[in-house]
Amino acid sequence: LIGGAIQVASYDFARVEPKWQERWEQDRTFYVGEDSDKPKFYNVCMYPYPSGDLHMGHVRNYTYGDLLTRYKRMRGFNVLSPMGWDSFGLPAENAAIDTGIHPRIHTEDRIARMKSQIRRLGSVYDWDREVAAHTPEYYHWTQWLFLELWERGLAYKREAPVNWCPRDQTVLANEQVVEGACERCGTPVEKRDLRQWFFKITDYADRLLEDLAGLDAWPERVRVMQENWIGRSEGCTFAMEVAGSGQRFEVFTTRPDTVFGMTFVVFAPEHPLVEELIAGSEHEKEARRYIQVARLATELERLSTEKDKTGVFTGRYAINPVDGREVPIYLADYVLMGYGTGAIMAVPGQDQRDWEFAERYGLDIIRTVQPPDDFTGQAYLGDGPAINSGFLDGLTLEDAKRRIIDWFEEQGIGRATVQFRLRDWLISRQRYWGCPIPMLTCPTCGLIPVPKEDLPVLLPDIEDYTPKGLSPLASVEEFVNTRCPRCGGPAQRETDTMDTFVDSSWYFLRYTDPADPELPFDPERANYWMPLDQYIGGIEHAVLHLMYARFFTKVLHDMGMVTVDEPFARLFTQGMITLGHAKMSKSKGNVVSPDAFFASHGADALRLYHLFIGPPADGAVWSDQGVDGTARFLDRVWRMGTGQGGETVERPELGADREVLAAAHRTLRKVTDDIERFAFNTAVAALMELSNTLGAYLRSEEGARTETFAAAFELLLLMLAPMAPHLAHELWERTGHESMLADQPWPEWDPELAAERVVTMVIQVNGKVRDRIEVDAAITAEAAEELALASEKLQGWIDGGTVRKVIARPPNLVNVVVG
RNA sequence: GCCGGGAUGGCGGAAUGGUAGACGCGGCGGACUCAAAAUCCGUUGCCCGCAAGGGCGUGUGGGUUCGAGUCCCACUCCCGGUACCA
């Protein structure tokens with residue numbers, strides 16, 4: 001950046017960093033096998049979508065991951081840290097629509113760019129295990145896994161109302177709809193009925209929920225988010241009858257105890273019984289109009305809480321099974337077809353939504369739980385004795401629930417049931433750049449899987465990527481038309497591709513056996529590495545990827561392919577880097593590129609700043625000057641390590657120097673602690689302090705003793721090795737070490753040296769600091785008290801009062817209570 | 001609304017119930033230099049004071065404690081997630 005003579009004195013990262021990046025690669029320092037005596041440590045950063053440019057979020061992620069790889073290796077672990085590419089997906093296809101460049105060319109070009117940036121960061125991986133979702137060698141096994149799910153009844157195709165993004169011309173999973181809009185492009189999502197492929201993740205709902213409890217090394221918030229997403233509620237399903245017609249339908253409720261308070265029934269407008277219900281009713285016209293309007297409403301409008309509840313009377317009545325009373329049946333879109341049975345018993349006295357609806361349409365409200373005297377709200381949701389409830393009167397909420405469910409069972413009309421909010425995972429995408437679904441439709445045999453020996457079903461090259469509501473594959477006749485493997489007749493291939501979250505649900509298993517030609521992975525090799533000892537990534541994957549990957553792992557466990565049934569033992573979710581509290585994004589044009597910093601400050605300074613910026617779990621505000629600061633620190637270390645920070649002197653005796661060595665060992669203790677608890681910011685701060693101490697030592701009047709300085713500086717380099725690896729390795733070599741720094745064991749601190757000998761003791765009067773004195777760290781309470789009371793400064797503060805109490809907390813503090 | 005997290009100097013942040021503001025950024029003053037950059041030294045929460053020193057101070061109001069940024073209660077605001085889930 002700046003030329004001139006001075007530049008020679010500072011850390012020449014432009015020369016040093018590439019040198020070590022090559023060395024690590026040539027020496028295969030971070031390539032590993034399964035034949036080690038050391039304990040294993042499987043460390044993964046979430047594999048990226050190859051967008052082509054490393055952004056600060058990646059840098060933060062890989063800096064943490066790389067620190068851990070290097071640190072754990074020094075701690076004696078057989079560390080596997082692989083990297084790969086989530087390389088199917090929409091951006092490459094959208095680019096192809098614009099430019100005509102094949103998504104594969106586009107993607108592979110970007111992978112190459114990103115890979116070189118990752119190398120430039122000094123982040124090290126076992127590249128022999130690199131995987132990319134878009135390669136036939138990988139998606140062969142994604143298809144194989146699909147067929148396994150199919151064989152187990154966990155993959156199925158059905159017509160369903162789905163979320164349709166009109167801009168991307170594709171279906172979205174529920175998880176990809178954010179506030180009624182497409183997660184990717186923000187376009188409001190529409191409802192469409194399409195035949196789609198689903199994975200039956202709901203079969204695993206209970207296990208996905210229960211096993212969260214065992215994930216105690218996961219962030220609490222991620223567990224809570226998954227718990228809410230799965231959304232288990234216990235309740236009861238019971239049957240009711242339509243008066244006159246004898247038609248039966250079921251309702252689900254979590255409050256069966258309030259059944260005597262039912263004053264109406266509501267059906268979702270899409271409920272399959274609605275047609276029959278309204279046919280011939282005097283309210284038929286009105287009802288049809290309402291259904292029409294409800295269907296057209298976008299998800300966004302329907303979800304709006306601002307909207308008043310609307311509905312329409314069907315003209316029919318349902319019979320309450322507990323007392324034979326007839327209650328009106330309404331249609332209303334506040335009841336959702338996708339949850340429960342799509343029909344509810346409405347109890348306005350105990351449900352606020354029902355209350356609002358009842359008020360609007362002038363329906364009765366009956367309280368069945370006695371609210372407390374001071375209750376001023378509308379619907380009462382709390383506990384209390386049951387009232388107006390026949391044989392339930394007087395019972396508490398829980399007792400009444402149990403009693404009424406028993407009664408339903410005795411009558412044979414209902415039972416206790418559990419409902420989940422979680423829906424099956426819709427995996428069909430009407431797009432080109434994804435993993436083809438290995439299924440055929442035969443006019444005689446129906447849905448037929450592609451035989452495993454015919455895999456992979458290759459993605460054909462095409463010319464026209466424009467979405468037309470069907471996958472672009474649908475217009476490739478050579479692809480579509482094939483033979484049925486069962487009857488030999490003509491058959492047609494499935495033309496949808498899979499959601500890219502399918503690809504990413506198992507890549508961490510492929511890493512363990514990346515080139516296996518027979519299986520997605522060898523169970524033995526997978527069992528050696530699984531589970532991941534550390535998984536690091538963004539919080540945005542809290543429910544999507546992390547839950548799908550858990551689901552796949554459980555299925556593979558049930559297949560006997562892998563022993564564990566949870567993939568990620570420890571999860572760390574990093575906070576987001578923002579610029580002045582605004583999210584960095586291309587569209588806002590406020591992206592700070594790491595590339596510029598590789599050139600101006602070097603990778604080590606950038607890494608160190610990411611470590612130093614704040615607690616890793618928190619968001620952080622980017623500051624260019626912050627990188628100046630860590631670069632300055634590295635320069636100071638560099639000058640000290642290359643003899644430019646001051647001369648050392650030969651001196652036999654170790655005197656006050658002992659304190660310098662002690663400081664180094666205390667730093668080592670703190671840095672080790674801090675790394676273990678992911679407090680990288682304070683670990684860096686501690687290294688800065690040590691470097692300040694060493695600088696002062698070199699400049700001190702009596703001079704730094706050669707041997708002592710060397711010992712302390714060596715510790716500094718060892719601690720810097722995982723954080724600023726290039727500079728640390730270079731200085732290690734320059735200070736005369738033969739072996740590579742990365743191969744050194746992490747040092748142990750000397751407890752005797754690290755122990756404090758003299759500390760500052762604070763003397764307080766009534767909790768306010770009035771004096772400070774130096775005392776022996778081993779001082780007794782009695783001696784501390786005596787010293788404190790003897791303090792001259794204290795006398796003025798005690799004057800006029802009597803000492804009521806003395807609290808001594810040696811060696812840090814004595815508090816004299818004066819009254 | 002519900003769930004989770006948070007609020008500390010000009011800024012990022014530090015602090016097992018025990019010296020609030022470590023470390024860094026920025027600022028100010030100085031050394032070096034013809035000058036600048038770089039580097040080094042000093043200083044930097046606010047208020048009063050020439051100083052010695054003193055007072056105040058961790059979103060607000062209470063409480064527990066010899067002692068509270070930290071624990072408890074009530075509230076305000078900010079961030080994230082989620083939302084007619086019966």
Side-chain angles (χ1 to χ4, degrees), chain A residues 2 4-7 9-10 178-179 219-225 227-229 231-233 235 251-255 258 266 268 302-305 307 309 332-336 338-347 350-354 356-357 419-423 539-540 542-543 575-576 578 581 608-609 612-615 617-630 632-633 635-636 639 644-645 679 681-689 691-692 695 699 759-769 771-772 804-809 812-819:
Chain A
I2 300 142
I6 295 301
Q7 197 64 21
S10 49
V178 178
E179 285 174 5
E220 173 71 14
R221 62 173 168 162
V222 175
R223 291 200 313 231
V224 168
M225 278 159 81
E227 197 179 310
N228 292 340
W229 193 266
R232 182 181 198 272
S233 9
V251 295
F252 171 75
T253 177
T254 53
R255 291 295 304 275
T258 64
V266 187
R302 195 165 158 171
L303 289 180
S304 167
T305 40
K307 204 183 85 170
K309 295 199 170 21
D333 65 3
Y334 82 91
V335 174
L336 309 173
Y339 186 80
T341 63
I344 62 159
M345 68 162 190
V347 187
Q350 275 71 229
D351 185 290
Q352 188 59 29
R353 294 157 300 181
D354 297 346
E356 283 163 24
F357 193 83
Q419 275 292 326
F420 290 94
R421 207 190 78 112
L422 182 72
R423 318 290 167 80
I539 185 67
E540 66 273 19
V543 277
M576 203 171 57
T578 55
H581 298 289
L608 213 53
Y609 179 57
F612 186 56
I613 194 167
D618 294 0
V621 181
W622 180 259
S623 151
D624 285 0
Q625 281 111 350
V627 194
D628 292 343
T630 52
R632 271 200 282 270
F633 162 65
D635 269 339
R636 277 194 289 269
R639 284 194 297 271
Q644 300 169 79
N681 54 328
T682 50
V684 174
L687 292 179
M688 288 172 167
E689 280 186 81
S691 135
N692 291 343
R699 287 187 299 272
V759 294
T760 305
M761 186 173 80
V762 167
I763 305 171
Q764 299 181 327
V765 176
N766 294 337
K768 282 187 187 294
V769 179
D771 198 5
R772 296 182 167 96
R804 294 195 186 279
K805 204 173 177 185
V806 179
I807 287 123
R809 291 283 177 274
N812 295 315
L813 173 136
V814 172
N815 186 15
V816 181
V817 184
V818 176

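Any value given below was found using the heavy atoms of this structure, including those in side chains, with hydrogens, waters and symmetry copies removed. Chain naming here is simple, since letters A, B, ... match the order of the sequence lines and numbering starts at 1 in each.
- Stacking of Lys309(A) on the aromatic ring of Phe357(A) is not recorded, the 6.0 Å distance cut-off and the 45° axial limit not both being met.
- In this model, a side-chain donor or acceptor of Arg809(A) finds a partner on the base of G18(B) within 3.5 Å.
- With rounding to whole Å, Asp771(A) atom CG is found 10 Å from G54(B) atom P.
- Listed nucleotides: U19(B), C23(B), G13(B). Nearest to the side chain of Gln764(A): U19(B).
- Side-chain nitrogen and oxygen atoms of Arg636(A) include none within less than 4.0 Å of the OP1 or OP2 phosphate oxygen of A38(B).
- At a threshold of 4.0 angstrom between heavy atoms, the contacts of Leu813(A) include nucleobase atoms, whether or not backbone atoms are also involved.
- For C56(B), one of the phosphate oxygens OP1 or OP2 lies less than 4.0 angstrom from a side-chain nitrogen or oxygen of Lys768(A).
- Here the side chain of Arg809(A) pairs no donor or acceptor atom with the backbone of Ile807(A) at under 3.5 angstrom.
- Base pairing annotation: C25(B) forms a Watson-Crick or G-U wobble pair with G10(B), both donor-acceptor distances under 3.5 Å.
- Proximity note for Phe612(A) (side chain, C-beta onward) versus A86(B), G18(B), G12(B): the nearest is G12(B).
- Between the side chains of Tyr334(A) and Asp354(A), at least one donor N or O sits under 3.5 Å from an acceptor N or O.
- Atom C1' of C78(B) sits at a distance of 10 Å from the matching atom of G59(B), rounded to the whole Å.
- Look at the C1' atom in both A68(B) and A15(B): the space between them is 13 Å, to the nearest Å.
- Only the P atoms considered, C2(B) is 39 Å distant from G21(B), to the nearest whole Å.
- Distance Glu540(A) CD to G4(B) P: 22 Å, rounded to the nearest Å.
- At least one side-chain nitrogen or oxygen of Ser233(A) sits closer than 4.0 Å to the OP1 or OP2 atom of A86(B).
- Considering only heavy atoms from C-beta on, Phe633(A) stays 4.5 Å or farther from Phe612(A) through its side chain.
- Counting heavy atoms from C-beta on, the side chains of Trp622(A) and Tyr609(A) come closer than 4.5 Å.
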Can you give me the N/O atom pairs linking the protein to nucleotides 42-48 of chain B at distances under 3.5 Å, or say none if there are none?
none

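- G57(B) and G4(B): their P atoms are spaced 32 Å apart (whole Å).
- A close approach under 4.0 Å does not occur between any side-chain nitrogen or oxygen of Asn681(A) and OP1 or OP2 of C23(B).
- Below the 3.5 angstrom threshold, one finds no donor paired with an acceptor across the side chain of Lys805(A) and the base of C66(B).
- Taking only side-chain atoms of Leu336(A), from C-beta outward, the nucleotide of C23(B), C25(B), A86(B) with the closest atom is A86(B).
- Side-chain contact check for Arg255(A) versus Asp351(A): every heavy-atom pair is 4.5 Å or farther apart.
- G67(B) atom P lies 8 Å from atom CD1 of Ile807(A), rounded to whole Å.
- With values rounded to the nearest 0.5 angstrom, Arg221(A) atom CZ is found 16.0 Å from Glu227(A) atom CD.
- Contact check, Arg699(A) against C41(B): a side-chain N or O comes under 4.0 Å of OP1 or OP2.
- At the heavy-atom level, Gly629(A) lies under 4.0 Å from the strands shown only through sugar-phosphate atoms.
- By the rule that a glycosidic angle within 90° of 0 means syn, G9(B) counts as syn.
- G13(B) and C28(B) have their P atoms separated by 24 Å, with the value rounded to a whole Å.
- In the set G18(B), A86(B), C3(B), C3(B) carries the atom at the smallest distance from any side-chain atom of Val224(A).
- Considering only side-chain atoms of Thr253(A), the nucleotide from A14(B), G18(B), A86(B) that sits closest is A86(B).
- Taking a pair to require two hydrogen-bonding distances under 3.5 Å in either a Watson-Crick or a G-U wobble arrangement, C50(B) remains unpaired.
- When the P atom is used for both U76(B) and G69(B), the distance is 23 Å, rounded to whole Å.
- A74(B) and U60(B) make up a base pair, with Watson-Crick or G-U wobble contacts both under 3.5 Å.
- For A20(B), there is no paired base (Watson-Crick or G-U wobble, both distances below 3.5 Å).
- In this structure, Ile763(A) atom CD1 and G67(B) atom P are separated by 19 Å, rounded to whole Å.
- Distance from the side chain of Asp333(A) is smallest for C84(B) among the nucleotides G24(B), C84(B), A22(B).
- If you check C40(B) for Watson-Crick or wobble pairing at under 3.5 angstrom, you find it paired to G30(B).
- Residue whose closest nucleotide on RNA chain B sits further toward the 5' end, between Asn228(A) and Gln625(A): Asn228(A).
- Comparing U19(B), A14(B), G4(B) against the side chain of Thr682(A) picks out A14(B) as the nearest.
- Taking side-chain N and O atoms only, Asn692(A) has a distance below 4.0 Å to OP1 or OP2 of G24(B).
- Under the 3.5 Å distance criterion, the side-chain polar atoms of Asn812(A) are left unmatched by any main-chain donor or acceptor of Met761(A).
- Across all strands shown, G4(B) forms a Watson-Crick or G-U wobble pair with C79(B), both key distances being under 3.5 Å.
- Picking from G18(B), A86(B), A22(B) the nucleotide with the shortest atom distance to the side chain of Thr254(A) gives A86(B).
- One atom, CH2 of Trp622(A), and another, P of G26(B), lie 14 Å apart when rounded to the nearest Å.
- Remark: side-chain polar atoms of Asn681(A) are not paired, donor with acceptor, to backbone N or O of Ile613(A) under 3.5 angstrom.
- Side-chain atoms of Val817(A) lie closest to C66(B) of the nucleotides G26(B), C66(B), U19(B).
- With rounding to whole Å, Arg804(A) atom CZ is found 13 Å from C66(B) atom P.
- Remark: the backbone N or O of Gly767(A) is paired with a side-chain donor or acceptor of Asn815(A) at under 3.5 angstrom.
- Following rounding to the nearest Å, Lys309(A) (NZ) and A86(B) (C1') show an atom-to-atom distance of 12 Å.
- For C71(B) and G6(B), the P atoms lie 10 Å apart once the distance is rounded to whole Å.
- Note: CD (Gln644(A)) to C1' (A38(B)) measures 13 Å, nearest angstrom.
- For the pair Ile344(A) and Phe252(A), the minimum side-chain heavy-atom distance is 4.5 Å or more.
- Interatomic distance, CG of Leu608(A) versus CE of Met688(A), reported as 6.0 Å (0.5 Å rounding).
- Projected onto RNA chain B by closest heavy-atom contact, Arg772(A) and Glu220(A) fall at different nucleotides, the more 5' of which corresponds to Glu220(A).
- Comparing G45(B) with G26(B), their C1' atoms sit 15 Å apart, to the nearest whole Å.
- When each of U19(B), A86(B), C66(B) is scored by its nearest atom to the side-chain atoms of Thr760(A), the top-ranked nucleotide is U19(B).
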